[in-house]
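Below, chains carry the letters A, B, ... as their sequence lines are ordered, and counting in each starts from 1. Here the structure is a predicted model, which is why all the values come from computation and not from measurement.
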There are 2 protein chains.
Amino acid sequence: MKDGPDISRVAALIGDPGRANMLAALMSGKALTAGELAAEAGVSAQTASAHLQGLEAGKLISRARQGRHHYFKLASDDVAGVLEALMGLAAKTGQLRTRTGPRDAELRLARVCYNHLAGDLGVALFDGMMARGFLHVKADQLGLTAAGYKKMAALGIPVEGKSRAPLCRECLDWSERRSHLAGRLGRSILDHVYAQGWAKRVEGSRAVRFTGLGGTAFRTAFEF
Amino acid sequence: MKDGPDISRVAALIGDPGRANMLAALMSGKALTAGELAAEAGVSAQTASAHLQGLEAGKLISRARQGRHHYFKLASDDVAGVLEALMGLAAKTGQLRTRTGPRDAELRLARVCYNHLAGDLGVALFDGMMARGFLHVKADQLGLTAAGYKKMAALGIPVEGKSRAPLCRECLDWSERRSHLAGRLGRSILDHVYAQGWAKRVEGSRAVRFTGLGGTAFRTAFEF
DNA sequence: CACATAGTTCGCTCCAAATCGAAGCATTAA
DNA sequence: TTAATGCTTCGATTTGGAGCGAACTATGTG
């Protein structure tokens with residue numbers, strides 16, 4: 001029964017280890033060059049070039065030429081969503097690539113998911129904002145309440161924006177198997193966390209490391 | 001950065017057209033035999049056998065032996081979730097397998113998603129139940145309200161169950177790109193729809209065809 | 001028992017795609 | 001200008017795995 005969209009093309013693109021590594025690297029939200037992605041995937045530049053063409057043709061990534069560099073990023077949040085969903089399933093079916101180690105624990109606590117905060121802290125933030133009445137679900141749409149808008153203004157976090165992307169979105173965690181906050185607001189909050197110096201990205205990883213004071217300040221600011 | 005679970009194994013399993021067709025067929029929620037799945041995928045019995053072994057080893061499907069028949073079904077709702085997510089992405093990136101035709105329209109209106117109702121009607125049902133206050137979201141968990149429990153009891157729809165699966169779950173539609181009701185309640189409601197004779201499955205498709213009276217009765221019963 | 005059906009295993013062929021060496025553009029630096 | 005860097009294209013090789021014919025096992029039926 002050839003119903004619905006063709007899954008297999010997209011899945012096949014993700015199904016190659018090299019391309020999957022590239023996509024995983026792009027989950028950080030940062031745009032990476034072809035060379036960097038080749039290193040991530042552990043393949044030669046020529047091979048990477050071919051793979052990147054495929055991913056671009058399949059509309060999973062987009063390319064921006066800047067001088068002699070080609071910067072790639074995920075084509076949309078939907079792609080990131082599918083990748084996280086696949087990670088969740090892969091984790092559940094026991095296909096963990098690495099045994100749980102110290103690095104894994106750090107990832108579980110706080111990490112970047114595309115462009116917003118995921119992990120223990122991301123889930124706690126989401127739950128806290130729901131409990132405090134800053135977020136609500138209405139007609140199946142996640143949104144800021146009046147109190148939420150007020151709070152964001154008080155913290156100096158921008159909520160307006162020209163982009164047509166939704167302000168609030170839920171995103172499922174592969175480590176927690178619970179939702180955390182994505183969308184434009186999720187991105188703004190993570191930017192705020194960086195700007196306040198509460199946390200920094202760990203070099204060469206998706207982990208986000210909070211300072212002792214930063215963690216406290218973060219929880220205080222968002223009241224959770 | 002080899003962080004997180006290994007996506008590519010799972011994706012590669014879904015990435016073969018034959019296996020993808022099998023999985024799509026299993027989205028109906030019905031357990032199918034190896035032979036039926038071979039026909040779905042358009043391959044010989046031997047090839048199908050090999051594919052089914054792979055999918056089973058990858059924990060995407062589970063097998064139940066009954067006499068000389070082997071019945072297969074999706075291993076978990078998470079698998080169904082990933083498949084729907086992939087369908088959503090594939091539809092968005094324009095990888096539609098078939099041009100929109102009469103069959104497509106029927107699918108868009110009402111279809112089976114794993115074991116519950118999806119499509120226009122599924123989304124409308126979900127929205128209606130939220131609007132009527134039968135469903136609510138609390139601490140990021142979708143659930144029945146007191147009014148909802150009362151309504152289900154009045155309609156004779158069972159809500160208790162020994163299974164540990166959640167009673168209510170949201171599930172994203174690939175055609176509507178909105179949520180509809182999944183989980184044990186979603187299944188119970190679809191069972192009720194069949195039992196009342198309001199609708200029937202279309203042979204050899206995931207479409208659900210409502211009778212004129214059935215459609216009206218369905219909307220009346222759930223007040224949307 | 002023989003016979004039919006459902007599914008698997010074995011052996012083989014074949015092809016798509018992953019890979020890289022070498023060469024070719026394009027951009028920036030000296 | 002020449003040289004260096006980043007990326008792509010071309011050409012050739014290799015291989016994983018998808019596919020099927022044939023034979024085998026297991027279950028059910030007459």
Side-chain angles (χ1 to χ4, degrees), chain A residues 2 6-26 30-75 95 97, chain B residues 2 6-26 30-75 95 97:
Chain A
K2 311 288 184 339
D6 187 3
I7 283 186
S8 66
R9 275 202 192 83
V10 178
L13 281 174
I14 309 175
D16 176 79
R19 286 191 297 259
N21 282 339
M22 292 180 178
L23 290 171
L26 289 173
K30 239 176 57 173
L32 299 174
T33 67
E36 290 169 327
L37 288 168
E40 286 291 341
V43 295
S44 69
Q46 311 94 292
T47 305
S49 178
H51 281 165
L52 290 168
Q53 275 181 35
L55 289 171
E56 194 185 8
K59 298 188 184 171
L60 295 188
I61 62 175
S62 65
R63 175 192 308 242
R65 266 164 269 239
Q66 264 179 42
R68 57 183 168 184
H69 294 277
H70 292 211
Y71 287 94
F72 297 87
K73 57 175 182 149
L74 297 187
Q95 316 245 4
R97 190 197 314 253
Chain B
K2 311 286 184 338
D6 186 4
I7 283 185
S8 67
R9 276 203 191 82
V10 178
L13 282 173
I14 309 176
D16 176 78
R19 286 192 295 262
N21 282 339
M22 291 180 177
L23 290 170
L26 289 173
K30 241 175 58 175
L32 299 174
T33 65
E36 290 169 326
L37 288 168
E40 285 291 341
V43 296
S44 68
Q46 310 95 292
T47 304
S49 177
H51 281 165
L52 291 168
Q53 275 181 33
L55 289 171
E56 192 184 9
K59 298 189 184 170
L60 294 188
I61 62 174
S62 66
R63 176 192 308 242
R65 266 163 267 242
Q66 263 180 44
R68 60 182 165 180
H69 295 277
H70 293 210
Y71 287 94
F72 297 88
K73 58 176 181 148
L74 296 187
Q95 315 246 5
R97 190 199 312 254

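- Take the nearest nucleotide of DNA chain D for A:S49 and for B:R19: the residue whose nucleotide is more 5' is A:S49.
- Distance CD (A:E36) to C1' (D:dG6): 12 Å, rounded to an integer number of Å.
- For B:R19 (side chain) and B:H51 (main-chain N/O), no donor-acceptor pair under 3.5 Å exists by modelled atom type.
- Counting 5' to 3', DNA chain C first comes under 4.0 angstrom of a heavy atom of chain A and last does so at the ends given by C:dA18 to C:dT28.
- Separating the CD atom of A:Q53 from the C1' atom of D:dG6 is a distance of 15 Å, rounded to the nearest angstrom.
- When heavy atoms are screened at a 4.0 angstrom cut-off, A:A45 is found touching base atoms of the nucleic acid.
- Between A:H70 and D:dG6 there is no side-chain polar atom (N or O) within less than 4.0 angstrom of OP1 or OP2.
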Yes or no on side-chain contact (heavy atoms from CB on, under 4.5 Å) for B:L60 and B:I14, after CA distance, side-chain angles and deciding distance? CA-CA 9 Å; B:L60 294 188; B:I14 309 176; 4.0 Å; yes
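- For the residue pair A:A31 and A:Y71, the shortest heavy atom distance occurs at O-CD2, 3.9 Å.
- The CZ atom of B:R68 lies 11.5 Å from the OG1 atom of B:T33; values are rounded to the nearest 0.5 Å.
- Closest non-hydrogen pair, B:A45 versus B:A38, comes out as CA-CB, 4.4 Å.
- The distance from atom OH of A:Y71 to atom C1' of D:dG6 is 11 Å, rounded to the nearest whole Å.
- Looking at heavy atoms from C-beta onward, B:L37 lies in side-chain contact with B:L26 at the 4.5 angstrom threshold.
- At whole-Å resolution of the value, CG in B:D16 and C1' in D:dG19 are 10 Å apart.
- With values rounded to the nearest 0.5 angstrom, B:L13 atom CG is found 13.0 Å from A:S8 atom OG.
- Atom CZ of residue B:R9 and atom NZ of residue B:K59 lie 12.0 Å apart, to the nearest 0.5 angstrom.
- With rounding to whole Å, A:L52 atom CG is found 13 Å from D:dG6 atom C1'.
- B:T47 contributes atom OG1, which lies 10.5 Å from atom CG of B:L52 (distance to the nearest 0.5 angstrom).
- Listed pair B:T47 / D:dG19 fails the phosphate criterion, with no side-chain N or O lying under 4.0 Å from OP1 or OP2.
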Could you run down nucleotides 22-30 of chain D 5' to 3' and tag each one B, S or - for protein heavy-atom contact under 4.0 Å? B----BS--
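- Note on B:R65: nothing from the nucleic acid sits closer than 4.0 angstrom, heavy atoms only.
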